[in-house]
2 protein chains.
Amino acid sequence: MTKKQGRKATLAEVAAMAEVDVSTVSRVLRGQSEQRIRAETRDRILEVAKKLNYRANYTARALRMSRTFTLGIVVPQLDNPVFSAAIRGAENVAAQHGYSLLISHRDPGEAGPTIAKLSQMNRVDGLLVASLDADEVLRSDLAEANVPYVLLNRQLPGTALSVVLDSREAARRATEHLMSLGHRRIGHLGGRPGGFNAQERLAGYRAALDAANIPFDPLLVAMGDYTFDAGRVSVRELAKTDATAIMAATLVSAAGAMAELRLAGWQLPQEMSVIALHDALFAEMLFPALSTVMMPTEEMGRVAAELLISKLSGADPEPVRALPPGRLIIRDSTVAPRIGARISK
Amino acid sequence: MTKKQGRKATLAEVAAMAEVDVSTVSRVLRGQSEQRIRAETRDRILEVAKKLNYRANYTARALRMSRTFTLGIVVPQLDNPVFSAAIRGAENVAAQHGYSLLISHRDPGEAGPTIAKLSQMNRVDGLLVASLDADEVLRSDLAEANVPYVLLNRQLPGTALSVVLDSREAARRATEHLMSLGHRRIGHLGGRPGGFNAQERLAGYRAALDAANIPFDPLLVAMGDYTFDAGRVSVRELAKTDATAIMAATLVSAAGAMAELRLAGWQLPQEMSVIALHDALFAEMLFPALSTVMMPTEEMGRVAAELLISKLSGADPEPVRALPPGRLIIRDSTVAPRIGARISK
DNA sequence: TTGAAAGCGCTACCAC
DNA sequence: GTGGTAGCGCTTTCAA
């Protein structure tokens with residue numbers, strides 16, 4: 001608050017002071033076709049612009065060009081490392097190409113005018129959309145979009161652009177790690193049964209089991225959603241079984257599971273190993289520090305932004321890009337099963 | 001991607017189809033001075049607008065009015081509940097007043113053109129700024145701003161608008177809680193020594209001690225920054241003392257302290273109680289679940305947005321608003337000191 | 001109660 | 001090489 005400074009300088013003012021036409025200033029300032037401007041003129045203009053601290057008026061440019069050079073990203077939560085990493089990645093790529101990123105946070109409960117609003121008001125040239133909603137909801141939201149968009153870690157039948165993480169492979173690796181420690185009875189704490197990602201993770205889990213000739217036991221699978229509380233609740237099912245390890249779909253549900261087990265008197269990790277998908281500083285803060293399989297969420301943001309920008313530039317890119325999971329991070333939450341492990345609670 | 005739909009309808013098209021002038025359409029559509037329009041005309045216009053799915057072009061309006069109806073908020077991190085809550089609060093108030101919120105994430109390391117860029121390019125009408133930077137850095141960044149701004153949880157000498165949390169009172173309450181459990185040797189895990197907030201927290205800690213006639217012991221204070229790793233490192237100082245409890249400045253540094261102590265073989269909370277300022281779901285995920293004093297961060301965002309908007313509307317509000325801390329949340333990390341507690345490690 | 005017209009600040013086309 | 005100029009789609013006087 002404070003500092004009142006002179007009005008912002010306009011192109012016309014620069015032109016007047018440099019004694020040239022606005023069109024010339026415009027050409028010079030965008031560095032475009034430099035060769036067609038006399039060096040002397042250009043220097044004079046540059047000097048004046050600098051002296052006046054000229055900055056192009058973004059709004060005027062956007063109106064004239066019918067382009068905002070802004071990408072929108074809509075995420076369901078902000079305080080979630082998955083999304084903040086994606087934002088970071090997208091932001092970097094966007095900046096590299098001269099785009100800004102308009103972040104729009106959209107609570108899942110809330111009616112979803114975000115996509116409609118952003119695109120219909122001409123605020124963005126394109127949209128990056130992450131969603132935890134059910135397919136039909138997402139689809140109807142997207143129907144309102146009148147700009148190109150790319151989906152983050154979602155696939156929707158049709159020609160929608162999207163970049164997806166290979167959750168199936170990540171789940172397979174996580175499960176495999178547990179098996180390599182000697183676990184045979186491995187529980188899975190999954191996501192919403194209908195969801196694409198939940199299905200993929202379950203499939204990866206089963207694939208790992210199959211490869212090791214361990215029969216699949218539906219009792220060892222507890223589906224919930226990806227929240228802390230769901231983790232707490234769902235793990236109770238698993239606690240009744242003879243599982244010695246759990247492969248959880250997310251960090252947060254793993255945290256819930258661990259909290260609940262400890263509350264019920266379990267020794268961790270001795271009586272139950274836990275591994276989760278995704279990685280964040282947060283995994284290290286838990287007790288025991290959580291083993292994970294990393295997921296390249298920042299890269300997902302980067303790739304998505306690239307995809308969108310290439311689309312905006314008139315290219316016709318491959319509609320879906322899949323990203324392989326990152327490496328396994330072994331911390332303290334996964335150990336070999338105890339001989340004579342606790343039998344249910 | 002997908003769905004190509006007709007060009008967006010413009011005011012002129014609506015006007016043509018309704019057989020009136022654009023100015024009339026404009027008046028009607030903004031619902032302004034409704035009384036001065038014949039009902040019949042208005043209905044016809046409304047109908048056409050709806051049929052054409054007309055949406056005002058945001059850019060054109062912004063250019064014409066020299067206002068973007070957009071507020072910018074710049075935060076140092078996104079995946080931090082403190083900032084995401086503030087964003088949520090600000091977003092709500094902004095929406096209520098017809099403003100959008102442009103979120104700008106600015107890594108602390110990075111040079112800080114964000115403020116300059118946002119304001120100088122006329123992208124925002126005003127700025128909400130949260131920063132973890134040192135005063136001088138922040139001040140020089142702000143010097144570039146040519147729109148009104150309000151500081152979040154910071155005060156800078158001068159007339160800057162700001163809304164601050166009462167960290168001092170929160171620290172006092174947290175310390176008091178520890179004392180009420182019987183602790184007398186209480187350590188403080190603080191922030192960067194120069195920082196305003198760090199000072200306030202330290203002051204609150206001392207105030208609580210004074211009120212209970214417990215002498216202040218500089219050995220019981222470890223200043224670091226607010227990170228997990230700093231928490232780990234700083235707590236080692238405290239571990240050498242006879243402290244039986246720790247009042248940590250943030251959730252994250254508390255988490256670091258707990259992790260480090262446990263690694264060194266301490267029993268928590270029996271051998272060391274820990275309490276932190278701020279609250280988030282995250283506190284519940286730690287082990288032991290962390291006791292905290294809540295801080296009204298979402299309200300901070302709300303109030304800041306209100307302050308800014310009132311300033312933008314030409315009012316001349318009180319420059320600084322202080323928000324009292326929220327309540328004490330007692331979880332599992334704070335217990336009475338053990339008789340004959342462990343003497344150093 | 002409605003219409004006409006003047007721009008907001010910029011870019012891009014067409015002259016010279 | 002440089003200048004003139006026509007708008008982008010909207011709001012807002014001023015007239016009628």
Side-chain angles (χ1 to χ4, degrees), chain A residues 6-46 48-49 52-70 98 119-123 125 146, chain B residues 6-46 48-49 52-70 98 119-123 125 146:
Chain A
R7 283 198 332 85
K8 247 151 286 188
T10 72
L11 210 49
E13 284 162 3
V14 177
M17 184 170 290
E19 298 179 303
V20 293
D21 188 83
V22 284
S23 56
T24 308
V25 181
S26 174
R27 277 187 287 253
V28 168
L29 260 26
R30 256 161 325 113
Q32 186 198 57
S33 45
E34 288 201 26
Q35 53 289 74
R36 315 192 135 285
I37 304 281
R38 201 191 318 153
E40 191 190 338
T41 314
R42 196 189 49 207
D43 292 348
R44 185 154 33 97
I45 291 175
L46 256 21
V48 171
L52 260 34
N53 191 31
Y54 173 80
R55 294 283 110 103
N57 181 317
Y58 162 81
T59 309
R61 174 178 291 176
L63 176 59
R64 176 60 233 240
M65 303 180 72
S66 316
R67 303 185 58 181
T68 61
F69 290 100
T70 300
S119 63
Q120 295 186 349
M121 290 193 68
N122 301 67
R123 294 196 69 126
D125 294 339
N146 58 4
Chain B
R7 281 197 334 82
K8 248 152 287 189
T10 73
L11 209 49
E13 285 162 2
V14 177
M17 186 169 289
E19 299 179 304
V20 292
D21 188 83
V22 285
S23 56
T24 308
V25 181
S26 174
R27 279 187 285 252
V28 168
L29 260 25
R30 256 161 324 113
Q32 187 197 54
S33 44
E34 289 202 23
Q35 54 289 74
R36 313 195 136 284
I37 304 282
R38 201 191 318 154
E40 190 189 339
T41 314
R42 196 190 49 209
D43 293 347
R44 184 155 33 97
I45 291 176
L46 258 20
V48 171
L52 260 34
N53 189 31
Y54 173 79
R55 294 283 111 102
N57 181 317
Y58 162 81
T59 309
R61 173 178 292 175
L63 177 59
R64 176 59 232 241
M65 303 181 72
S66 313
R67 304 185 58 181
T68 61
F69 289 100
T70 299
S119 63
Q120 296 186 349
M121 290 195 67
N122 301 66
R123 294 196 70 126
D125 294 338
N146 57 4

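Lettering of chains follows the sequences in order, A, B, ..., and the numbering in each one begins at 1. These values consider heavy atoms only, across backbone and side chains, with no hydrogens, waters or symmetry-generated copies.
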Rounded to the nearest angstrom, tell me the gap between atom [atom1] in [X] and atom [atom2] in [N].
X: A/D21; N: C/dC16; atom1: CG; atom2: P; result: 15 Å
X: B/N57; N: C/dC8; atom1: CG; atom2: C1'; result: 13 Å
X: B/M65; N: C/dA6; atom1: CE; atom2: P; result: 21 Å
X: A/I45; N: D/dT2; atom1: CD1; atom2: P; result: 8 Å
X: A/L63; N: D/dC10; atom1: CG; atom2: P; result: 9 Å
X: A/E13; N: C/dC8; atom1: CD; atom2: P; result: 11 Å
X: A/E19; N: D/dT2; atom1: CD; atom2: P; result: 14 Å
X: A/L29; N: C/dC10; atom1: CG; atom2: C1'; result: 12 Å

Looking only at the side chain of [X] (C-beta and beyond, no hydrogens), which of the listed nucleotides [options] gets closest?
X: A/T24; options: D/dT2, C/dT2, D/dC10; value: D/dT2
X: B/S23; options: D/dT12, C/dA12, D/dG9; value: D/dT12
X: A/R38; options: D/dT2, C/dG3, C/dT2; value: D/dT2

Measuring from atom [atom1] of [X] to atom [atom2] of [Y], what distance do you get when rounded to the nearest 0.5 angstrom?
X: A/R123; Y: B/R55; atom1: CZ; atom2: CZ; value: 14.5 Å
X: B/L11; Y: B/T24; atom1: CG; atom2: OG1; value: 9.5 Å
X: A/R61; Y: A/S26; atom1: CZ; atom2: OG; value: 7.5 Å

* To do: Please evaluate the base of D/dG3 for a donor-acceptor partner in the side chain of A/R27 within a cut-off of under 3.5 Å?
  => yes
* What about A/T10, does its side chain sit under 3.5 Å from the base of C/dG9 through a donor-acceptor pair? -> no
* How far apart are the C-alpha atoms of B/N57 and B/T10, what are their side-chain angles, what is the distance that settles it, and do they pass the side-chain contact (heavy atoms from CB on, under 4.5 Å) test? -> CA-CA 8 Å; B/N57 181 317; B/T10 73; over 6 Å; no
What nucleic acid atoms does [X] come within less than 4.0 Å of, heavy atoms only: base, sugar-phosphate, or nothing?
X: B/Y58; answer: nothing
X: B/S66; answer: nothing
X: B/T41; answer: sugar-phosphate
X: B/A56; answer: sugar-phosphate

[X] side chain N/O closer than 4.0 Å to the phosphate oxygens (OP1, OP2) of [N]?
X: B/Y54; N: D/dC10; value: yes
X: A/S26; N: C/dT11; value: yes
X: A/R30; N: C/dA12; value: yes

* To do: Can you establish whether the number of heavy atoms outside A/M17 located under 6.0 Å from its atom CE is more than 12?
  => no
* Structure fact -> Of A/R61 and B/A39, the one whose closest nucleotide on DNA chain C sits nearer the 5' end is B/A39
* To do: Go through A/T68 and B/Y58 one step at a time and tell me if the side-chain contact (heavy atoms from CB on, under 4.5 Å) criterion holds.
  => CA-CA 10 Å; A/T68 61; B/Y58 162 81; over 6 Å; no
